Amino acid sequence: MNGLSILIPVFNTDVTKLVHDLHQQSLLLDCPSEIILADDCSKPEFVEVNRKLDSLDGVVYEQMPQNVGRAILRNRLAQMSHYDYLVFMDCDVEMVDGDYLNRYLSSASADVVFGGYIYKAEQKQRNCMLRWTYDTKLRTLTAEQRRKNPYSSFSTVNFFIRRDLMLNYPFNEKLSTYGHEDSMLRCELEQKCIAITHIDNPVYHMHLDDNESFIEKTHKGVENMLVIKEMPECQPLTSHLNLLIYYAKLKRLHMVLPFKCLFLLTKNLQLLNLKSAHPNLTLYQLYKLGYLCSIAK
């Protein structure tokens, strides 16, 4: 059915302002729309606040009986949707302006569209410099910059996709913990020659991980790489994931054990830099590779 479904996976976040802003925009669209919230077993105080949004016309709130993870939750949202076009966004974002939905609809002839995300200047804090540096150098790019590497620049923070494509290429539900479900999706899109269009339609990403949290998420993401590596159905996709490419090179050169030993010897020194006011992104990539070597069997 022609229309727009706005899909938001929710976890321990008050999405009242976001949903009200989207709802106001949706009322001005030239097509029918809906906003669907799927709550991944949030704390009671967030459930109490967010379930009230169900009273808004065109807004649906569904609570999962148990925590299912990002991949299953996003697939559930796609299955619940009624319209031909889907907009996925993380729950910890804010609108930049009032034309967000219209910009995506103006690009509805494309299969997949990534609008990007940005941060507010005041979010830059001393204890968050690793995530800030990583995102501002590599992720919060303009559409023109992202078009140079259209697949690697894709993220699930904020994107538009045809419903039939999302149902045909769902998120891999074996990735139940944090990390790389977006990598798997964009790798599959690339393999199937499904183009990702980039436009300037950013949201503000309001949650900036502190250094400790971001390093912990990095560990979980690397651990998910090992899960991906062992999945037979994912073998064609692993050649698109840089960390696994470099790991394979180390393995061919019989350098995994030496690299592991070097990582374990220098890990604390590396962390001193990564948690500093001026983290080195090359060192961050080497840290991820070293951690992968240290946990691989």
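Just so you know, these numbers come straight off a predicted model, no measurement behind them. Just the heavy atoms: all of them, side chains too, but no hydrogens, waters or symmetry mates, feed the values below.
The shortest non-hydrogen separation linking C31 to L4 is SG-N, 4.3 Å. Here the shortest heavy-atom pairing between L86 and Y83 reads CD2-O, 3.9 Å. Counting all heavy atoms, side chain and backbone alike, C187 lies closest to L241 at SG-CD2, 3.7 Å. Contact between P9 and L7 at its shortest, heavy atoms only, is CD-O, 3.9 Å. Nearest heavy atom pair, residue T197 against residue A110, reads OG1-CB, 3.5 Å. Of all heavy-atom pairs spanning Y151 and L189, the tightest one is CE2-C, 4.0 Å.
Here the side chain of N211 pairs a donor or acceptor atom with the backbone of M129 at under 3.5 angstrom. Listed for the D200 side chain is no donor-acceptor partner under 3.5 Å among the backbone atoms of T142. Between the side chain of Q63 and the backbone N or O of V47 there is no donor-acceptor pair closer than 3.5 Å. In terms of modelled atom types and a separation under 3.5 Å, the side chain of D84 and the main chain of G3 share no donor-acceptor contact. Side-chain atoms of N201 come within 3.5 Å of backbone N or O of Y100 as a donor-acceptor pair. Formation of a donor-acceptor pair under 3.5 Å by the R146 side chain with backbone atoms of I199 is found in this model. Of the possible polar contacts, one joining the T13 side chain to the F11 backbone as a donor-acceptor pair under 3.5 Å is found. Between the side chain of T140 and the backbone N or O of D135, at least one donor-acceptor pair lies under 3.5 Å. S55 contributes a side-chain N or O that, together with a main-chain N or O of K52, makes up a donor-acceptor pair within less than 3.5 Å. A donor-acceptor distance shorter than 3.5 angstrom exists from the side chain of N273 to the backbone of N280, with no hydrogens or angles considered.
Taking the six-membered ring where the residue is Trp, F154 and F159 present perpendicular rings, their angle passing 60° and hence far from 30°. Below 30°, between 30° and 60°, or above 60°: for Y291 and Y287 the angle between ring planes is below 30°, a parallel geometry. Classified by interplanar angle (parallel below 30°, tilted 30° to 60°, perpendicular above 60°), the ring pair Y117/H205 is tilted.
The neighbour count for K124 NZ, taken as heavy atoms of other residues, nucleotides or ligands under 6.0 Å away, does not exceed 12. The environment of E45 atom CD is dense: over 12 non-hydrogen atoms of other residues, nucleotides or ligands sit within 6.0 angstrom. The 12-atom threshold is not exceeded at OH of Y246, counting heavy atoms of other residues, nucleotides or ligands nearer than 6.0 Å.
Legend: residues meeting salt bridge (charged side-chain N to carboxylate O under 4.0 Å, His left out) with D40, ordered by chain and number and at least two apart, are absent. The side chain to side chain contact (heavy atoms under 4.5 Å, CB included) check on D210 picks up N127, C128, E212, S213, with sequence neighbours excluded.
Note on V157: it does not cluster hydrophobically with F214, by side-chain heavy-atom contacts below 4.5 Å among ILVMFWY residues. M95 and L28 fall into different hydrophobic clusters, defined by Ile, Leu, Val, Met, Phe, Trp and Tyr side-chain heavy atoms under 4.5 Å apart, directly or through other members. Clustering ILVMFWY residues whenever any of their side-chain heavy atoms sit less than 4.5 angstrom apart, transitively, puts V112 in the very cluster that holds L77. By the criterion of side-chain heavy atoms lying less than 4.5 angstrom apart, applied directly or through intervening Ile, Leu, Val, Met, Phe, Trp or Tyr residues, I118 is not grouped with L208; the two fall into different hydrophobic clusters. Linking ILVMFWY side-chain heavy atoms closer than 4.5 Å, directly or via other members, places L138 and L243 in a single hydrophobic cluster.
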>> Set out, in order, the CA-CA distance, both residues' side-chain angles and the distance that settles salt bridge (charged side-chain N to carboxylate O under 4.0 Å, His left out) for R103 and D97, then state yes or no.
In response: CA-CA 11 Å; R103 283 196 200 96; D97 59 39; 2.7 Å; yes

> Does the side chain to side chain contact (heavy atoms under 4.5 Å, CB included) test come out yes or no for L53 and I35, once each step is laid out?
Replying inline: CA-CA 10 Å; L53 294 165; I35 301 172; over 6 Å; no

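A donor and an acceptor atom, one from each side chain of Y284 and T133, are nowhere located under 3.5 Å apart. When only modelled atom types and interatomic distance are considered, S81 and R163 share a side-chain donor-acceptor pair under 3.5 Å.
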Cut-off 3.5 Å, no hydrogens considered: what does the side-chain donor-acceptor table look like for residues 247-269, sequence neighbours left out?
residue : atom : partner : partner atom : Å
T266    : OG1  : L262    : O            : 2.8
T266    : OG1  : Q270    : NE2          : 2.8

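The only member of K17, H23, Q25 that meets side-chain hydrogen bond (donor to acceptor under 3.5 Å, both in side chains) when paired with D21 is K17.
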